[in-house]
Student: 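Dropping a structure here in structure tokens format, bear with me for questions.
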Amino acid sequence: MKLILLGAPGAGKGTQAEIICQKNHIPTISTGNILREALKSGTEMGLKAKTFMESGQLVPDEILIGIIKDRLQEDDCKNGFILDGFPRTIPQAEALDGMGIKIDAVLDIEVPDEEIVARMSGRRVCESCGASYHVLYKQPKEDGKCDSCAGALVQRKDDHPDTVKERLAVYHTQTEPLKEYYSKQGKLLVVHGQDAVEATTKLVLEALEDLT
Ligand code: ADP
Ligand code: ZN
């Protein structure tokens, strides 16, 4: 299964991606995580991306297209993959189409802006592996510690309320047009994000039923 996850920042793409990827044994490719890794290890790409990311802006298309082109050529992508956070602009989607990869479906998780702002303040991520948690909706087994790697859970700089508003504005102007783009290709599946993660997962798995 070759799947794209679409939705506003904080709509729960990453959480659903993890679940789908475990069920189907295909990798999740999170461009946000790849960029944060690059930033942490101080690579040239990381340095270039830093200011865009911290202010809630998108990193330039050519950087992202390069990342994805390389990543999708790796062996583990042969049987499928889930893209979490790519494409985020029309030029990125066109570049992906140009790579000759046939995407099966684009799953759009819809969550109203007000809810996003409220949710994001409670989001925490693992400093070491990037797994995400929430102080109300997805608590770790042990306070402040990642379930899978015991790394420290921290708030991302770009999860502060002002940056979240900027990221939402960027989402609406630059990413949302992808809904029409993929709807025209007959690939768009829409799911409404619920408060409980499991409730959203149920809808997601129903929407993907015919694909697996
Ligand atoms: P979220 O968890 O809010 O969906 P991500 O972790 O996917 O956000 O991405 C964090 C930041 O990384 C974005 O705000 C943006 O600056 C950058 N980024 C990630 N993916 C892309 C992309 N496809 N195009 C441009 N910038 C990106
Ligand atoms: Zn971890």
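Heavy atoms only: backbone and side chains are in, while hydrogens, waters and symmetry mates are out. In listed order, ligands and their atoms are each counted from 1.
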Student: What are the protein N/O/S atoms, named by residue and atom, that sit under 2.8 Å from the Zn ion (ligand 2)?
Tutor: C126 SG, C129 SG, C146 SG, C149 SG

Student: Below 4.0 Å, non-hydrogen atoms only: which portion of L58 touches ligand 1? Side chain, backbone, both or neither.
Tutor: both

Student: By number and element, which atoms of ligand 1 are closer than 4.0 Å to a non-hydrogen atom of G85?
Tutor: 20 (N), 21 (C), 22 (C), 23 (N)

Student: Under 3.5 Å between any N/O of R123 and any N/O of ligand 1: does that happen in this structure?
Tutor: yes

Student: I want to know if ligand 1 touches R88 in the polar sense, i.e. an N/O pair below 3.5 angstrom.
Tutor: yes

Student: Can you spot which of I68, D84, I82 makes a side-chain contact (heavy atoms from CB on, under 4.5 Å) with I29?
Tutor: I68

Student: Which of the numbered atoms in ligand 1 are below 4.0 angstrom from a heavy atom of R36?
Tutor: 6 (O), 10 (C)

Student: Is it the case that more than 12 heavy atoms not belonging to E54 sit under 6.0 Å from its CD atom?
Tutor: yes

Student: Does an N or O anywhere in V59 fall below 3.5 Å from an N or O of ligand 1?
Tutor: yes

Student: Do the charged groups of K179 and E110 touch, with an N to O distance under 4.0 Å?
Tutor: yes

Student: Atom 12 (O) of ligand 1: which protein heavy atom is closest, and how many Å away?
Tutor: M53 CE, 3.5 Å

Student: Is the NZ or CZ atom of K138 positioned over Y133's six-membered ring, under 6.0 angstrom from the centre and within 45° of the axis?
Tutor: yes

Student: Of all the atoms in ligand 1, which lie at a distance below 4.0 Å from a heavy atom belonging to P9?
Tutor: 3 (O), 4 (O)

Student: Check the surroundings of atom CG in D70: do more than 12 heavy atoms from other residues, nucleotides or ligands lie under 6.0 Å from it?
Tutor: yes

Student: For atom CG of D97, is the number of surrounding heavy atoms from other residues, nucleotides or ligands below 6.0 Å larger than 12?
Tutor: yes

Student: Nearest protein heavy-atom contact for atom 20 (N) of ligand 1: which residue, which atom, what distance?
Tutor: T31 OG1, 2.8 Å

Student: Test of understanding: given a 4.0 Å heavy-atom threshold, classify the contact between R156 and ligand 1 as side chain, backbone, both, or neither.
Tutor: side chain

Student: Tell me the contacting part of Q57 for ligand 1: side chain, backbone, both, or neither, using a 4.0 Å heavy-atom threshold, strictly below.
Tutor: backbone

Student: Give the numbers and elements of all ligand 1 atoms closer than 4.0 Å to a heavy atom of Q92.
Tutor: 22 (C), 23 (N), 24 (N), 25 (C)

Student: Give me each pair satisfying side chain to side chain donor-acceptor pair (under 3.5 Å) with a member in residues 2-17, each pair once, sequence neighbours excluded.
Tutor: Q16-T201

Student: Of all the non-hydrogen atoms in the protein, which one sits nearest to atom 1 (P) of ligand 1, and at what distance?
Tutor: R167 NH2, 3.4 Å

Student: For atom 17 (C) of ligand 1, what is the closest protein heavy atom, and at what distance to 0.1 Å?
Tutor: L35 CD1, 3.5 Å

Student: Is the contact between L64 and ligand 1 made by the side chain, the backbone, both, or neither, using heavy atoms and a 4.0 Å cut-off?
Tutor: side chain

Student: At less than 4.0 angstrom from any non-hydrogen atom of K13, what atoms of ligand 1 do you find?
Tutor: 4 (O)

